[in-house]
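So the structure is just underneath, and the comments pick up after that.
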Amino acid sequence: MFTIGDFARHGRVSVRMLRHYDATGLLRPAHVDPASGYRHYTAGQLARLNRIIALKDLGFTLQQVRDIVDEKVGPEELRGMLRLRRAELETAMAAAAARLVQVEARLRAIESEGHMPTNDVVIKSVPAVRVAELTATAASFQPEDIGPVIGPLYDELFRRLDAAGITPTGPGIAYYEDAAEGGGRITVHAAVQVSAPLQVSAPLQVSAPLQVSVPLQVSAPLQVSVPLQVSAPLQDGTPLPDGIPLQDGASFQDGTFRILDLPSLDEAATIVHRGSMDTVLPTVQALARWIDANAYESTGYPREINLECPENRDDWVTELQTPVTRS
């Protein structure tokens with residue numbers, strides 16, 4: 001037999017932990033000296049100790065550990081518990097990896113202060129463009145809130161376009177605005193350029209002259225209250241079913257797939273970012289410093305134009321377009 005100190009050394013645990021396991025009934029000594037109270041363990045008990053430590057490290061509670069090692073949990077239930085714990089650990093690892101990426105991006109932004117070139121910033125006008133889009137709401141404009149929202153949105157958007165037989169004719173365009181409910185929440189628009197007809201998902205109300213350059217087709221009541229100019233057929237929109245999986249902090253705004261004309265920008269300060277959008281922060285802040293140094297003011301969130309999106313995210317090329325005006 002081993003003394004408690006020897007058993008602790010062989011099991012690579014502390015004496016204090018063994019005393020706790022004894023007190024809770026999880027691992028009792030094989031023998032306790034009635035006179036001195038000293039605990040003694042056998043070599044065979046190392047197997048139980050190993051299982052206890054392994055299950056505890058997986059995140060199971062001591063009660064769950066006791067049920068498992070005492071074989072109160074059947075094999076199928078144990079497999080289910082282990083699968084669930086594996087999924088929890090994978091989620092935690094992914095979240096930690098995402099936080100690490102953002103820490104590295106913030107560090108690069110700090111290191112590049114005053115050194116990142118801004119001569120690639122270009123002021124230009126951006127024409128209106130027709131896009132298909134899906135929208136959702138993110139908890140904030142922080143990367144850890146935007147990323148989990150926009151990825152699933154684009155996956156579903158391209159699935160819907162494929163099902164509708166619509167082929168994108170230009171780059172993806174992500175743009176943002178403050179959500180109506182406030183609280184720092186952001187409406188995320190995942191869009192892509194198309195040449196499909198405009199769609200209307202609710203009755204159209206206009207009260208002044210209606211100007212249309214091609215036939216107008218609407219299956220809902222048409223009431224006019226403002227001028228409307230349309231250069232393509234206008235058709236009733238198709239509602240998008242709920243249930244697209246998004247991570248915490250995201251929700252569908254109105255459950256519709258829309259085709260619309262994204263308005264032009266009279267002036268936009270633009271810069272090209274090369275690499276994953278997880279590392280865009282230094283580029284964003286270089287653009288912000290240029291705007292401030294050249295007597296401009298930003299008037300909205302930047303649009304993100306996906307010029308190149310190969311499978312390797314480190315090879316992405318994205319143009320940032322921040323609407324500006326002279327200060």
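Computed from a predicted model, the values in this text were never measured in an experiment.
Nearest heavy atoms, F7 versus L18: CD2-CD1, 3.7 Å. In this structure, P302 and T322 approach most closely via the heavy-atom pair CB-OG1, 3.3 Å. Across all non-hydrogen atoms, the minimal contact from V149 to T137 is CG2-O, 4.4 Å. Between L265 and P323, the closest heavy-atom pair is CD2-CB, 4.1 Å.
When side chains are defined from C-beta on, F2 does not count as touching H40, because their heavy atoms never get closer than 4.5 Å. Side-chain atoms of L320 and V280, non-hydrogen and from C-beta on, do get closer than 4.5 Å to each other. No side-chain heavy atom of V126 sits under 4.5 Å from any side-chain heavy atom of L262. Proximity of D6 to M1: side-chain heavy atoms (C-beta onward) are nowhere separated by under 4.5 Å. R159 has its side chain out of reach of D155: every pair of non-hydrogen atoms, C-beta onward, lies at least 4.5 Å apart. P171 is listed as a side-chain neighbour of Q193, based on a closest heavy-atom distance under 4.5 Å. Side-chain contact between I150 and M277: absent, with no pair of heavy atoms (C-beta onward) separated by less than 4.5 Å.
Put simply, the side chain of N50 gets close to the backbone of L46: a donor and an acceptor are under 3.5 Å apart. Within the 3.5 Å criterion, the main-chain N or O of E308 finds no donor-acceptor partner in the side chain of W316. Although no hydrogens or angles enter the test, the distance criterion places no donor-acceptor pair under 3.5 Å between the side chain of T135 and the main chain of H189. Judged by distance alone, the side chain of N312 and the main-chain N or O of D314 form a donor-acceptor pair under 3.5 Å. For R51 (side chain) and A47 (main-chain N/O), a donor-acceptor pair under 3.5 Å exists by modelled atom type. Although no hydrogens or angles enter the test, the distance criterion places no donor-acceptor pair under 3.5 Å between the side chain of S140 and the main chain of G184. Side chain of E304 to backbone of G172: no donor-acceptor contact under 3.5 angstrom is found. Judged by distance alone, with hydrogens and angles left aside, the side-chain atoms of R66 form a donor-acceptor pair with the main-chain N or O of T24 at under 3.5 Å. A distance-only check finds no donor-acceptor pair linking the side chain of R48 to the backbone of D70 [under 3.5 Å].
In this structure, Q63 places its CD atom where more than 12 heavy-atom neighbours from other residues, nucleotides or ligands lie under 6.0 Å away. For Y38, the OH atom is loosely surrounded, since the number of other residues' heavy atoms within 6.0 Å does not exceed 12.
Cation-pi geometry between R28 and Y21 is not met at under 6.0 angstrom from the ring centre and within 45 degrees of the axis.
Atom-to-atom distance recorded for L157:CG and D162:CG is 11.0 Å, nearest 0.5 angstrom. Separating the CE atom in M81 from the CZ atom in F60 is a distance of 4.5 Å, to the nearest 0.5 Å. L62 CG to L26 CG: the interatomic distance, rounded to the nearest 0.5 Å, is 6.0 Å. Distance check, rounded to the nearest 0.5 Å: CD of E311 to CZ of R313 gives 11.5 Å. Distance check: Q321 CD to T270 OG1 gives 6.5 Å after rounding to the nearest 0.5 Å. Separation of atoms CD (E297) and CG (D292) is listed at 9.0 Å; rounding is to 0.5 Å.
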Quiz item: After noting the C-alpha distance and the side-chain angles of V131 and L260, does the key distance pass the side chain to side chain contact (heavy atoms under 4.5 Å, CB included) rule?
Solution: CA-CA 6 Å; V131 299; L260 70 156; 3.8 Å; yes
Exercise. Apply side chain to side chain contact (heavy atoms under 4.5 Å, CB included) to R39 and D22, showing your working.
Key: CA-CA 10 Å; R39 300 170 175 88; D22 180 16; 2.8 Å; yes
Practice problem: Evaluate the criterion side chain to side chain contact (heavy atoms under 4.5 Å, CB included) for residue pair T318 and I305; output intermediate values, then yes/no. | Solution: CA-CA 5 Å; T318 307; I305 315 302; 5.6 Å; no
Exercise. Given side chain to side chain contact (heavy atoms under 4.5 Å, CB included), test V272 with D120 step by step and report yes or no.
Key: CA-CA 8 Å; V272 173; D120 290 334; over 6 Å; no
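Side-chain polar atoms of Y175 and E133 form a donor-acceptor pair below 3.5 angstrom.
Following chains of ILVMFWY side-chain contacts shorter than 4.5 Å, one can reach I259 starting from Y154, so the two form part of one hydrophobic cluster. Both F141 and V188 sit in one connected hydrophobic cluster of ILVMFWY residues. Membership requires side-chain heavy atoms under 4.5 Å apart, directly or through other members.
The aromatic rings of Y301 and Y176 sit perpendicular to each other, their planes meeting at more than 60°, with 30° as the lower class boundary.
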